[in-house]
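The figures that follow rest on heavy atoms only: side chains count, while hydrogens, waters and symmetry mates do not.
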Amino acid sequence: MAKRHAEPEGAGQALFQFVRHWSRRWNGPEDRKEAERGRDVLVTEAVYALRDRAEVTVNDVAAELAIDQSGASRMLSHAIEQGLLTTSTSLRDARRRTVALTDVGRDFLAAAHQWQDSMFAVLTEDWTLEERNQFHRAMTRLLKRSADLSHER
């Protein structure tokens with residue numbers, strides 16, 4: 001029988017329980033390939049999120065993922081080996097590497113986004129369209145507020 005988690009007491013606890021659940025999704029030792037794919041999605045998404053910058057560096061990706069530079073570098077190296085990202089020498093500082101999406105990376109990210117949307121549809125299949133739209137608006141506001149707070153620090 002599957003172990004049931006205790007119901008969260010508040011909305012904040014529910015949010016973080018949900019985040020923990022999905023962050024653990026690909027962390028099992030038997031799921032090595034899935035774990036690699038999950039990390040590739042994270043790092044590719046980070047580079048995509050920074051796409052409006054003149055250059056995206058390893059340090060930029062590390063900051064976006066809130067991990068150290070060496071961890072970001074390892075994740076980037078794997079994604080580069082998979083053909084998702086490419087690196088080049090910075091035009092501003094020859095000691096730095098810049099990172100960009102490849103066409104394969106864009107297709108990979110599009111497939112990841114399609115999977116995310118399909119999982120949302122499954123998770124909310126008994127919701128009305130209005131409930132889905134309200135949730136989407138609320139999450140968008142929550143993400144914006146979270147980004148605003150992290151920039152204030």
(request) Begin from the C-alpha positions of L85 and L76 and carry the test side-chain contact (heavy atoms from CB on, under 4.5 Å) through to its verdict. (result) CA-CA 8 Å; L85 302 171; L76 285 164; 3.5 Å; yes
(request) Decide yes or no for L101 and L84: does some side-chain heavy atom of the first lie under 4.5 Å from some side-chain heavy atom of the second? (result) no
(request) Using the rule that two of Ile, Leu, Val, Met, Phe, Trp, Tyr join whenever any of their side-chain heavy atoms come within less than 4.5 Å, decide whether L109 and M119 are in one cluster. (result) no
(message) Ignoring hydrogens, what is the shortest heavy-atom contact between V47 and V61? Give both atom names and the distance.
(response) CG2-CG2, 3.8 Å
(message) Main chain of E131, side chain of T128: is a donor-acceptor contact present, judged purely on distance under 3.5 Å?
(response) yes
(request) Write down the atom of A121, the atom of R132, and the distance for their closest heavy-atom approach. (result) O-NH2, 3.5 Å
(message) Looking at H136, I'd like to know if its NE2 atom is crowded, meaning that more than 12 non-hydrogen atoms belonging to other residues, nucleotides or ligands lie closer than 6.0 Å.
(response) no
(message) Is there a side-chain contact between R37 and F108 in this structure, where contact means two heavy atoms from C-beta onward sitting under 4.5 Å apart?
(response) yes
(message) Taking side chain to side chain donor-acceptor pair (under 3.5 Å) as the definition, give me every residue that meets it alongside R145, ordered by chain and number, with sequence neighbours left out.
(response) none
(message) What's the separation between atom CZ in R97 and atom OG in S88, rounded to the nearest 0.5 Å?
(response) 10.0 Å
(message) Checking side-chain polar atoms at under 3.5 Å, does T98 have a donor or acceptor matched by the opposite partner on E55?
(response) no
(message) Tell me whether L142 shares a hydrophobic cluster with W127, the cluster being built from Ile, Leu, Val, Met, Phe, Trp, Tyr side chains joined at under 4.5 Å.
(response) yes
(message) On a heavy-atom basis, which atom in V43 and which in M75 lie closest, and how many Å separate them?
(response) CG1-O, 3.9 Å
(request) Of all the heavy-atom pairs spanning S70 and D68, show the shortest one and how long it is. (result) OG-OD1, 3.0 Å
(message) Distance check, rounded to the nearest 0.5 Å: E64 atom CD versus E45 atom CD?
(response) 9.0 Å
(request) Heavy atoms only: give me the nearest T44-D40 pair and the separation to one decimal. (result) OG1-O, 2.7 Å
(message) Testing the basics here: between T87 and I80, what is the closest heavy-atom pair and its distance to 0.1 Å?
(response) CG2-CD1, 3.1 Å
(message) Can a donor-acceptor pair be found, under 3.5 Å and without considering hydrogens, that links the side chain of S73 to the backbone of Q69?
(response) no
(request) Could you state whether L129 and L123 fall into the same hydrophobic cluster, counting links through intermediate Ile, Leu, Val, Met, Phe, Trp or Tyr residues with side-chain heavy atoms under 4.5 angstrom apart? (result) no
(request) Can you measure from CZ (F120) to CH2 (W115) and round to the nearest 0.5 angstrom? (result) 13.5 Å
(request) Find the distance between OG1 (T102) and CG (D107) and round it off to the nearest 0.5 Å. (result) 8.0 Å
(request) Please determine if R137 and E130 form a salt bridge, counting it only when a charged side-chain N lies under 4.0 Å from a carboxylate O. (result) yes
(message) Whether the N59 and T57 side chains hold a donor-acceptor pair (N or O, under 3.5 Å, no angle test) is what I'd like checked.
(response) no
(request) Supply the atom-to-atom distance H78 NE2 to R39 CZ, rounded to the nearest 0.5 angstrom. (result) 7.5 Å
(request) Starting at CG of D93, measure out to CZ of R96 and round the result to the nearest 0.5 Å. (result) 6.0 Å
(request) Find out whether the Lys NZ or Arg CZ of R51 is both under 6.0 angstrom from the six-membered ring centre of Y48 and within 45° of the ring's axis. (result) yes
